[in-house]
Amino acid sequence: MKSTLNLFVFVIALSFFTTGCYTIVWDPRQEFPDTENSTGSSGDFYDYDYYGGYVDYYEAPWWIPPAVYITNIDGTTDRVQTKDRKDERNSDTETIRNSNGRGNTDRNSGINTGTTTTTTNSGNNNNSNVVTPPPPTRDSGTSNTSTTTSTSNTRNSGNSGSNETRNSSSGSRNSGSGRR
Amino acid sequence: MLKHILKIFSAILLLFITSTNAQNYNDAIRLGFPGLGSNARALGMGNAFNALSDDASASYFNPAGFGLIKKMELSGGLSFTNYDNTTTFFGKETNDNTTNTALNRISFAVPLPTYQGSLVFGLSYHQSKDFSSIVKFDGFNSGTNSKIQSLLDTNIPYDLFLTDDNYNTIINGNLDQSGSILNSGGIDNWTFSGAIEVQKNLFIGANFTVVNGTFESINDYYEDDTRNVYQGETAAGEPQTTDFRTFYLNNTLKWNIGGWDAKLGFLYQYEDVARFGATVQFPKTFAIDEEFLVSGSSEFASTSYSLTTDYNDKVAYDIVTPFELTGAAAVNLKGIIVSAEATLIDYSQLEFSNSNDGLSASYLADVNKEIKDVLRSALNYNVGFEYTVPTVGLRIRGGFLTQMSPFKDDDSEFNHKYLTGGLGFLADGNIGIDVAYAYGWWKDIGDNYGSNVSRTFQDVKVHNVMLTTTLRF
């Protein structure tokens, strides 16, 4: 029996010392493993198309946020690993986020969080912190909108292209526009 | 006075005889023969789970499977067993059954966070074996043999006034023989396991198990003169022994079981197509503290006698089981997993050892020799499948397993065979609920004494239901 125990210990020790280096365990002095610095364990055995919710049950490590599955119109499934949300935006993301459009010049340095005043035909005034640019000048003469908007915010004045884009998601605000 | 001295001498002789005849290969098989484990998912797949082993039941099947666990896991389960035995004894059928419900598993697995690979540890309690079984028999043995006659080399017939002063008896068979053997108990395992991914998709795991358990066998045996064959004095010169009616003997065997064992496992995952597993179960060492209790009585037309001499016996010894080698494969066929494995066990290497309390080394050597003469190597097979309905998280399972008889001369009808099925359901994405049913059937024989002179032919059917709940977080 002693020889059995010795053999057992030998095999375990051999496996750990000769090939155990593949596994890299989290060192508490270093950054916690996440999607960006961890390659995880073995490849997936269970595929979402055939095993559904069992995939996360078996394949998703507890220390990495769960995956999100998006089902396309054609029925195929994309697996999207959500990113770890952090309190601070990193510099790479900030660069990408601000790469399009006109940048902040010396003239527009800083973000104006001044009050916006919206006046409706009924005479109601609404105050909010939402920066609402004026409608494009080109449309001002033909507009039959029932809402007149004025703002003290000058940050985006003259940036008509950006204004159209931003307003596209503002619902009924532009309804009744003569362009339509 | 001489009679009194003779009785004392005989009692000492009986103690020695009962000690030297209490242990045999049946005791070793009881511990060496595999159980059904404690995982409903595995049982539903015919326990063909060695190559899968991706939950905490890896401590039982393949410890390398711990390396596949990526969430913390807490699991527990229950099992229900109904052991039904129809015995044919001298042409007469008798049926009886016994049931047992037990908590069969509590497991906890902890995967450590890794940048690469996998390192997982687990603690588990699981019941590896349920000893519940029963034999009941009743039939008229018209042969010229009996238990009373087989015990003439002990003092029991003399004490019960079934012999004269010279240890001769008029009993010569032609008795109704009946009785029952009720077995209960189980083996519990407390296992610490660990597994690591040593190369990409290659896992090595090991565990160390501390064993404890109990076994109790209550054997009631009767011989009745139902045909009124023995009407004269049973013990010559003792008129109160006229008209023998009944002989009763009770043997109760009690074990307190301790011990330890270890297992080494390997598991390789080939992409999302297949997994291959292999395990080496090192010999298990069981330390047995045995208590053997004997009581009995005899009845005549006008009186009855009970055993007053203390025939109880306490001994301690070890039983060591052989290596068990398992090879397994599981194939993933787009939603259907097909799994199979085979296990080699050389029962002829079962061994009694450590005769330091009540048993002589030479006696154990004789028993070990008998084991080699009677037992053989066995190859056990398990096959199973699992189909997942992904839209509802339902799993459907089926399987078959066979545990080959360890006796050299047994044919396939003595092999333990189980047909299994099961269902699994995933609730809230992190609670797995699995239930399994296993139907087992085999034949067995048992001798009340001698060889094939008072034999029970048993037709065993076992119904086992297992429930396992697993929480992953």
Side-chain angles (χ1 to χ4, degrees), chain A residues 1-28 30-64 66-69 71 75 77, chain B residues 52 54-55 67-72 111-119 194 196-204 206 208 262-264 266 269 271-275 280 282-283 285 320 323 330 332-337 353 388-393 395 424 426 428-430 432 470 472-473:
Chain A
M1 191 48 57
K2 198 172 180 180
S3 60
T4 301
L5 190 61
N6 289 339
L7 176 65
F8 180 73
V9 171
F10 173 74
V11 172
I12 296 296
L14 189 69
S15 65
F16 273 81
F17 289 114
T18 58
T19 57
C21 56
Y22 176 78
T23 293
I24 305 171
V25 182
W26 171 55
D27 182 343
Q30 297 178 358
E31 195 176 352
F32 196 72
D34 57 25
T35 51
E36 293 180 357
N37 62 13
S38 170
T39 58
S41 181
S42 58
D44 293 349
F45 187 71
Y46 299 97
D47 184 83
Y48 184 81
D49 289 340
Y50 306 112
Y51 295 98
Y54 281 104
V55 178
D56 270 344
Y57 185 76
Y58 285 112
E59 308 286 10
W62 65 265
W63 59 91
I64 293 177
V68 172
Y69 295 90
T71 302
T77 306
Chain B
L52 287 173
D54 46 11
D55 61 35
L68 297 164
I69 298 175
K70 297 170 184 174
K71 282 185 166 67
M72 292 196 221
L112 300 186
T114 60
Y115 299 106
Q116 176 178 279
S118 173
L119 180 62
I196 189 169
E197 190 171 3
V198 293
Q199 292 291 335
K200 185 166 177 57
N201 290 329
L202 176 62
F203 303 85
I204 292 181
F208 181 81
K263 195 171 198 173
L264 183 65
F266 304 88
Q269 178 172 304
E271 298 178 347
D272 63 350
V273 177
R275 285 177 179 166
V280 178
F282 292 92
T285 300
V320 182
F323 277 89
N332 185 359
L333 303 170
K334 297 183 177 181
I336 300 176
I337 294 173
S353 68
T388 302
V389 185
T391 51
V392 292
R395 292 167 137 181
L426 186 62
D428 289 338
N430 61 352
T470 306
R472 290 199 167 189
F473 54 98

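Everything quoted here is computed from the prediction, not taken from an experiment.
Side chains of A:Asp34 and B:Tyr115: no donor on one and acceptor on the other come within 3.5 Å. A donor-acceptor contact under 3.5 angstrom links the side chains of A:Tyr51 and B:Asn332, judged on distance only.
Under a 3.5 Å cut-off, the side chain of B:Gln116 and the backbone N or O of A:Tyr22 do form a donor-acceptor pair.
Using a 4.5 Å heavy-atom threshold, the side chains of A:Tyr54 and B:Pro390 count as separate. A 4.5 Å side-chain heavy-atom check between B:Leu119 and A:Val25 finds at least one atom pair inside the cut-off.
Pairing each heavy atom of A:Tyr58 with each of B:Arg395, the nearest pair is OH-NH1, 3.0 Å. Nearest approach of B:Lys71 to A:Asp56, heavy atoms of both residues: NZ-O, 2.6 Å. The minimum heavy-atom distance linking B:Leu426 with A:Tyr57 is given by the pair CD1-CD1, 3.5 Å. When all heavy atoms are compared, the tightest approach of A:Thr23 to B:Glu197 is OG1-O, 2.6 Å.
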Please walk me through it: do B:Lys70 and A:Trp62 pass side chain to side chain contact (heavy atoms under 4.5 Å, CB included)?
CA-CA 6 Å; B:Lys70 297 170 184 174; A:Trp62 65 265; over 6 Å; no
Just do the side chain to side chain contact (heavy atoms under 4.5 Å, CB included) check on B:Ile337 and A:Phe45 with the steps written out, would you?
CA-CA 11 Å; B:Ile337 294 173; A:Phe45 187 71; 4.0 Å; yes
Pair A:Tyr46-B:Asp54, side chain to side chain contact (heavy atoms under 4.5 Å, CB included): steps then yes or no:
CA-CA 11 Å; A:Tyr46 299 97; B:Asp54 46 11; 2.6 Å; yes
Side chain to side chain contact (heavy atoms under 4.5 Å, CB included) assessment of A:Ile24 paired with B:Thr114
CA-CA 6 Å; A:Ile24 305 171; B:Thr114 60; 5.9 Å; no
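Neither the backbone nor the side chain of B:Leu202 comes within less than 4.5 Å of any heavy atom of chain A. If you measure heavy-atom distances from B:Val392 to chain A, you find no contacts under 4.5 Å at all. Of the atoms belonging to B:Thr470, heavy atoms from both backbone and side chain fall under 4.5 Å from chain A.
Ranked by heavy-atom pairs under 4.5 Å with chain A, the first of B:Pro113, B:Gly432, B:Gly429 is B:Pro113. Listed options B:Asn430, B:Thr388, B:Ile336 were ranked by heavy-atom pairs under 4.5 angstrom with chain A; first place goes to B:Thr388.
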